[in-house]
Amino acid sequence: NMEWWSGQLGNLLLKRGEPDEAIASFRKTVELGPWASNYSRLADALRKKGQVDEAIVCYRKAAELAAKLEPKLDYWCGLGVSLRFKGELDEAITCLRKSVEIRPDYGPSWQELSIALYLRNKHGDAEESVSCARKSVALEPKVAEARRTLAAALSVDGKRDEAIACYREALALDPKDGIAYHNLGVLLYQSDRLDEALSCHRRAVEFKPEIAEFHHDLATLLDQLGQRDAAIESFRNAVKLDPTMPPRVAPAAMNPKRRLPCSASKTSTIRAQKTDTTNRLKTEVQIKNARPTQTCCSGVATYRSAAKR
């Protein structure tokens, strides 16, 4: 039927990297069949496009419909992630708790709950965040991002050595994880292991060159180590990427405790995680290959034809 064809067309368009057309197709699906699953697919597409406010409205509608007809289906995780992205952490945590209650064996929900908890960081949140992240890792031991989340939670909870080990485990699974390199570099810096820290910050900039703060932090470390020319170049790169970024700390403020501006214990990990989340929401919709496969193209054509009937 038309509803099914429109939904399949939306899925393929999203995979092909055409979010606007995918969203239009999912809207048609919702019009034809206002069910929880259709609202959820539209919400997912909107969130991945960065239209978070409308995504939240659609997720709420999906959750409302599911509560009446499909109470065992989980539409809370996407809503929780969207609310976290908006900074509404209390409600995000409430939604994510519902998600893990419905699907206790779903690792990403535990991971998202861990992130929301350490971002809020009220009394007891850090310890619970670590517990949630450990559950995520147990469910998905080969997923680098799950271990990176655990490392971030451990660093917020003050467990620096364990966090360092966990970041190294994450990098063993994904050697191109710029966020993990950056936060590992911060922890190594705080441990006075400056050569190792510098190496990690260089790798962070290599794999995440679009994040101005990473260039800033590399520049600050280079400046303290006396590598002035390299520091100036990195500062220029940071300003070029974000001319409005305010100075986060003067180099002199790094002594005697030697804390980088992006502190993995409570500031940098959170800020970097927020940056990473923002980038994920903006780029999650991109397909890996710049050129879609012939199968995907022909599939879109087939579903378009069927949806017009």
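Side-chain contact annotation: Asn38 with Thr29, donor-acceptor N/O pair under 3.5 Å absent. For the residue pair Ser155 / Asp157, no side-chain donor-acceptor distance below 3.5 Å is found, with atom types taken as modelled. Side chain to side chain, Asp217 and His201 fail the donor-acceptor criterion of an N or O pair below 3.5 Å. Inspection of the Ser114 and Ser129 side chains reveals an N or O donor paired with an N or O acceptor under 3.5 Å. Of the N and O atoms on the side chains of Tyr167 and Arg147, not one donor lies less than 3.5 Å from an acceptor on the other residue.
Summarising the geometry, atom CG belonging to Leu9 is positioned 10.5 Å from atom CH2 belonging to Trp5; distances are rounded to the nearest 0.5 Å. Expressed to the nearest 0.5 Å, how far CG of Leu150 lies from CZ of Arg134 amounts to 5.5 Å. Atom-to-atom distance recorded for Cys166:SG and Asp161:CG is 12.5 Å, nearest 0.5 angstrom. Between Asp195 atom CG and Leu225 atom CG the span is 7.5 Å, to the nearest 0.5 Å. Here the CG-CZ distance, from Leu79 to Arg84, works out to 12.5 Å after rounding to the nearest 0.5 Å. Here the CD atom belonging to Glu101 is positioned 10.5 Å from the CG atom belonging to Asp74, to the nearest 0.5 angstrom.
When all heavy atoms of Ile164 and Ser191 are compared, the pair lying nearest together is CD1-OG, 4.0 Å. Between Ser109 and Cys77, the closest heavy-atom pair is OG-SG, 3.5 Å. Contact detail for Leu32 and Glu3: the closest heavy-atom pair is CD1-N, 3.6 Å. Of all heavy-atom pairs spanning Ser234 and Leu218, the tightest one is OG-CD2, 3.6 Å. For the pair Cys132 and Leu117, the tightest heavy-atom approach, listed with the atom from each and the gap, is SG-CD1, 4.0 Å. Looking at every heavy atom in both residues, Leu83 comes nearest to Arg60 through CD2-NH2, 3.7 Å.
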Inset, instruction - Determine, stepwise, if the pair Leu222 / Arg228 fulfils side chain to side chain contact (heavy atoms under 4.5 Å, CB included). - result: CA-CA 7 Å; Leu222 288 166; Arg228 308 298 185 211; over 6 Å; no
Legend entry - Criterion salt bridge (charged side-chain N to carboxylate O under 4.0 Å, His left out) on Glu54 and Lys49, from CA distance to verdict: CA-CA 11 Å; Glu54 190 177 357; Lys49 184 67 166 51; over 6 Å; no
Legend entry - Derivation and outcome, side chain to side chain contact (heavy atoms under 4.5 Å, CB included), residues Ser99 and Leu113: CA-CA 9 Å; Ser99 176; Leu113 178 56; over 6 Å; no
Inset, instruction - Show your reasoning for whether side chain to side chain contact (heavy atoms under 4.5 Å, CB included) applies to Leu139 and Tyr106. - result: CA-CA 7 Å; Leu139 289 165; Tyr106 185 57; 6.0 Å; no
Inset, instruction - Using the salt bridge (charged side-chain N to carboxylate O under 4.0 Å, His left out) rule, take Glu213 and Lys208 through it: C-alpha gap first, then chi angles, then the decisive distance, then the call. - result: CA-CA 10 Å; Glu213 289 177 321; Lys208 283 285 187 181; over 6 Å; no
Inset, instruction - Go through the steps for Arg16 and Glu18 under the test salt bridge (charged side-chain N to carboxylate O under 4.0 Å, His left out), then give the verdict. - result: CA-CA 6 Å; Arg16 202 169 78 167; Glu18 300 179 29; 2.4 Å; yes
Inset, instruction - Give the intermediate values and the outcome of side chain to side chain contact (heavy atoms under 4.5 Å, CB included) for residues His215 and Thr220. - result: CA-CA 9 Å; His215 291 274; Thr220 305; over 6 Å; no
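For Glu127, the CD atom sits in a loose shell: 12 or fewer heavy atoms of surrounding residues, nucleotides or ligands are nearer than 6.0 Å. The number of heavy atoms from other shown groups lying within 6.0 Å of CG (Asp229) does not exceed 12.
For the pair Ser37/Tyr75, a side-chain contact is recorded, criterion being any heavy-atom separation below 4.5 Å from C-beta on. Side-chain contact check for Leu46 versus Arg27: some heavy-atom pair is nearer than 4.5 Å. A 4.5 Å side-chain heavy-atom check between Trp35 and Leu65 finds every atom pair outside the cut-off. For the pair Arg202/Phe207, no side-chain contact is recorded, criterion being any heavy-atom separation below 4.5 Å from C-beta on. Within the 4.5 Å cutoff, no side-chain heavy atoms of Leu171 are placed close to those of Arg168. For the pair Asp177/Glu145, no side-chain contact is recorded, criterion being any heavy-atom separation below 4.5 Å from C-beta on. Taking 4.5 Å as the limit, some side-chain heavy atom of Glu91 sits within range of a side-chain heavy atom of Glu88. Within the 4.5 Å cutoff, no side-chain heavy atoms of Val143 are placed close to those of Leu173.
Below 30°, between 30° and 60°, or above 60°: for Phe235 and His216 the angle between ring planes is above 60°, a perpendicular geometry.
At distances below 3.5 Å, not a single donor-acceptor pair connects side-chain atoms of Ser40 with backbone N or O atoms of Ala36.
Ile211 is connected to Leu221 through a chain of hydrophobic side-chain contacts under 4.5 Å among Ile, Leu, Val, Met, Phe, Trp and Tyr, so both are in one cluster. Placement of Leu154 and Leu119 in two distinct hydrophobic clusters is found when ILVMFWY residues are connected by side-chain heavy-atom separations under 4.5 Å, directly or transitively. There is no path of hydrophobic side-chain contacts, each under 4.5 Å, that joins Ile232 to Val239. Val205 and Leu198 fall within a single hydrophobic cluster, where Ile, Leu, Val, Met, Phe, Trp and Tyr side chains are chained together by heavy-atom contacts under 4.5 Å. Using a 4.5 Å cut-off between side-chain heavy atoms of Ile, Leu, Val, Met, Phe, Trp and Tyr, with links allowed through other members, Phe26 and Tyr39 fall into the same hydrophobic cluster.
Comment: Glu140 does not engage Lys135 in a salt bridge, judged by the lack of any side-chain N to carboxylate O separation of less than 4.0 angstrom. A salt bridge links Glu206 with Arg203: at least one charged nitrogen is closer than 4.0 Å to a carboxylate oxygen. A salt bridge is defined here as a Lys NZ or Arg NE, NH1 or NH2 lying under 4.0 Å from an Asp or Glu carboxylate O, and Asp90 with Lys122 meets this definition. Ion pairing between Glu196 and Arg193 holds under the 4.0 Å rule for side-chain N and carboxylate O. Here Asp53 pairs with Lys86 in a salt bridge; the nearest charged N to carboxylate O distance falls below 4.0 Å.
Looking at residues two or more places apart in sequence or on another chain, you find a side-chain hydrogen bond (donor to acceptor under 3.5 Å, both in side chains) between Asp125 and Arg120.
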